[in-house]
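For reference, the structure discussed in these notes is given below.
Along the sequence shown, the residues carry numbers beginning at 1. Just so it is clear, the values below take in all heavy atoms, side chains as well, and ignore hydrogens, waters and symmetry mates. Just so we're clear, the structure is a prediction, and the values are computed from it rather than from any experiment.
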Amino acid sequence: MSVEQQQNINTKKKKKILSNIFTAAVILSAIVIMVWFCFTSSDLDELAEVFFTLNMGWIAAAVCCMVLRWVFESLVLYFLGKDANNEYRFKDAFFTTMAGQYFNAITPFSSGGQPFQFYQLKRSGIDGAIATAVLLQKFFIYQSALTAYSLILIILRFKFFMTEVSNFALLALVGFSIQLVAIIISWIFMRSERLTGAVVRGITVLLSKLHIVKKREAILAKLNEKVESFSSCNRIMHKNKRLFVKCYLATFVQETVFFLVVFFVVLAFGGECTDVITLIAAQCFVSVATFFFPLPGAAGASEGGFLLFAYKFFTPAARVPATLLWRIITYYINIIAGAPFAVLWKGSKDFSKQEQAEESKTE
């Protein structure tokens, strides 16, 4: 083995160790925040007493909602991936989605899932440019669906939340503004080949000047082809109205079952809530308000948001335990369920020969 090969192996080992340390630190910090929140807000004996009275059937229903959410999110990825590559399977989409849950949960801004999903889409035989288009379409569909969902719920329950939540109008405005900016930016990149190409070329030139990228001209030529393929794929997808209808319907169900988790948490604590729409709205607004919070899992903001929007539906003694249970089901379960897929699943057996050949040209 040459010295250079040994150095590459050592570098990879160091990166893996650092990655494991980072993951452990993130998970530990999220747990610490949750424990601190519980111990500073309630007595340990009171917490234990409340938990012993929980209805396990409703907790199981809440967990089933999360499983359904994963299934329908996988369906969206499957529909888009299948449109790009007819051999793409639901099994691939489900495993990619579950691994994405894990990486989204442990990274700031939930940003780690997309690069991993991109990598797995490539391993499933989808060209890199097309895989980027698929993930951008998925992001756009999710954001636009969530914004429309939130708007409808605000119209239906505006008076209630204006009365119960201080500064609700400001929170709603900030949340919608962030969502709208994300939608507009993703739409522009999907529709404008010229802008996408200019951004990609600009980044490449900058990296070349910093001596991070070598063989600039060869890479720019390859990237121009990728941008053209990316834009072409987006144009074709946008013409497929049936595809978008299926994706939006699946996303609607995906978010509805997720927003129903809080309803079953209320029932698990013995509540008798008949206003399901208000509870769905409360969960939806928490998601919108904390979606771009920088800490992994929006730690801290999610717990505070839950208490802000849903406190009315729980007794004073149940509010902190309910927040803990809700957080376990909606966040920590993503780490627990997604970790085996992130570690063990290898995707398809090999990269496509075409991708390997293209990558070797720029080495």
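- Separating the CE atom in M237 from the CG atom in L80 is a distance of 5.5 Å, to the nearest 0.5 Å.
- Without hydrogens or angle criteria, S144 side chain to I141 main chain gives a donor-acceptor distance under 3.5 Å.
- With a 4.5 Å cut-off on side-chain heavy atoms, L325 and F269 count as touching.
- In terms of hydrophobic clustering, with Ile, Leu, Val, Met, Phe, Trp and Tyr side chains grouped at heavy-atom distances under 4.5 Å, M66 and I336 are assigned to different clusters.
- Ion pairing between a basic and an acidic side chain is recognised when a charged N comes within 4.0 Å of a carboxylate O; D127 and K226 show such pairing.
- In this structure a side-chain-to-backbone donor-acceptor pair under 3.5 Å is missing from S192 to I188.
- The hydrophobic cluster containing L173 does not contain I155, counting ILVMFWY residues as joined when their side-chain heavy atoms lie under 4.5 angstrom apart, directly or transitively.
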Candidate pair V276 and L260, rule side-chain contact (heavy atoms from CB on, under 4.5 Å), full reasoning: CA-CA 8 Å; V276 181; L260 279 171; 3.8 Å; yes

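- Considering every non-hydrogen atom in both I130 and S229, the closest pair reads CG1-OG, 3.9 Å.
- Judged purely by atom type and a 3.5 angstrom limit, N334 uses its side chain to pair as donor or acceptor with the backbone of T330.
- Between S74 and F95, the closest side-chain pair of non-hydrogen atoms is not below 4.5 Å.
- Of the possible donor and acceptor atoms, none in the side chain of N240 sits under 3.5 Å from a partner among the backbone N and O of I236.
- Rounding to the nearest 0.5 Å gives a distance of 10.0 Å between SG of C247 and NZ of K138.
- Nearest heavy atoms, G81 versus V134: N-CG1, 4.3 Å.
- Although no hydrogens or angles enter the test, the distance criterion places no donor-acceptor pair under 3.5 Å between the side chain of D92 and the main chain of S124.
- Note that the CG atom of L146 and the CG atom of L151 stand 11.0 Å from one another [nearest 0.5 Å].
- The main-chain N or O of N86 is found under 3.5 Å from a side-chain atom of K82 such that the two form a donor-acceptor pair.
- With hydrogens and angles ignored, the 3.5 Å screen pairs a side-chain donor or acceptor of S186 with a backbone N or O of I183.
- Contact detail for F189 and T196: the closest heavy-atom pair is O-OG1, 3.0 Å.
- One hydrophobic cluster holds both L180 and Y248 under the rule that ILVMFWY side chains link at heavy-atom gaps under 4.5 Å.
- Once rounded to the nearest 0.5 Å, the distance linking OG1 of T256 with CG of L68 reads 11.0 Å.
- Checking side-chain atoms of R69 against main-chain N and O of V257 turns up no donor-acceptor pair under 3.5 Å.
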Audit row: L279, D275, side-chain contact (heavy atoms from CB on, under 4.5 Å) steps and yes/no: CA-CA 7 Å; L279 278 172; D275 193 354; over 6 Å; no

Chi angles and distances behind the ring-ring contact (aromatic ring centres under 6.0 Å, His included) call for Y102, F341: CA-CA 8 Å; Y102 171 80; F341 293 93; over 10 Å; no

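- Once rounded to the nearest 0.5 Å, the distance linking OG1 of T96 with OH of Y119 reads 11.5 Å.
- L195 and V205 are members of different hydrophobic clusters when ILVMFWY side chains are connected at heavy-atom separations under 4.5 Å.
- Side-chain contact between I333 and I328: absent, with no pair of heavy atoms (C-beta onward) separated by less than 4.5 Å.
- Ring-plane geometry between Y88 and Y78 is classed as parallel, the angle between the planes falling under 30 degrees on a 0 to 90 degree scale with a further cut at 60.
- No side-chain heavy atom of L153 sits less than 4.5 Å from a side-chain heavy atom of F158.
- The aromatic rings of W326 and F306 lie parallel to each other, with less than 30° between the two planes, well short of the 60° mark.
- Nearest heavy-atom pair across Q283 and V262 is CB-CG1, 3.9 Å.
- Residues F90 and F94 are in side-chain contact: their nearest non-hydrogen atoms beyond the backbone lie under 4.5 Å apart.
- Separating the OH atom in Y331 from the OG atom in S302 is a distance of 9.0 Å, to the nearest 0.5 Å.
- Here the closest non-hydrogen pair linking G125 and N85 is O-ND2, 3.3 Å.
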Full working for side-chain contact (heavy atoms from CB on, under 4.5 Å) between F309 and V165: CA-CA 7 Å; F309 285 101; V165 180; 4.0 Å; yes

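- For residues 229-254, the salt bridge (Lys or Arg N to Asp or Glu O under 4.0 Å) pairs, not counting sequence neighbours, are E193-R235.
- The side-chain heavy atoms of Q101 and E73, taken from C-beta on, include a pair separated by under 4.5 Å.
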Worked check of side-chain contact (heavy atoms from CB on, under 4.5 Å) between W58 and V266: CA-CA 9 Å; W58 293 125; V266 170; over 6 Å; no

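- Within the 3.5 Å criterion, the main-chain N or O of R191 finds no donor-acceptor partner in the side chain of N234.
- Cluster partners of V245, using a side-chain heavy-atom cutoff of under 4.5 Å among ILVMFWY residues and allowing indirect links, are L249.
- Aromatic rings from F140 and W187 are positioned such that their centres are separated by under 6.0 Å.
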side-chain hydrogen bond (donor to acceptor under 3.5 Å, both in side chains) assessment of Y149 paired with T251: CA-CA 10 Å; Y149 207 130; T251 302; over 6 Å; no

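- Here the side chains of F314 and T323 are not in contact, with every heavy-atom distance at 4.5 Å or above.
- Minimum heavy-atom separation, F118 to G128: CE1-O, 3.1 Å.
- Inter-residue side-chain proximity for C65 and F259 is flagged as unmet; no heavy-atom pair is nearer than 4.5 Å.
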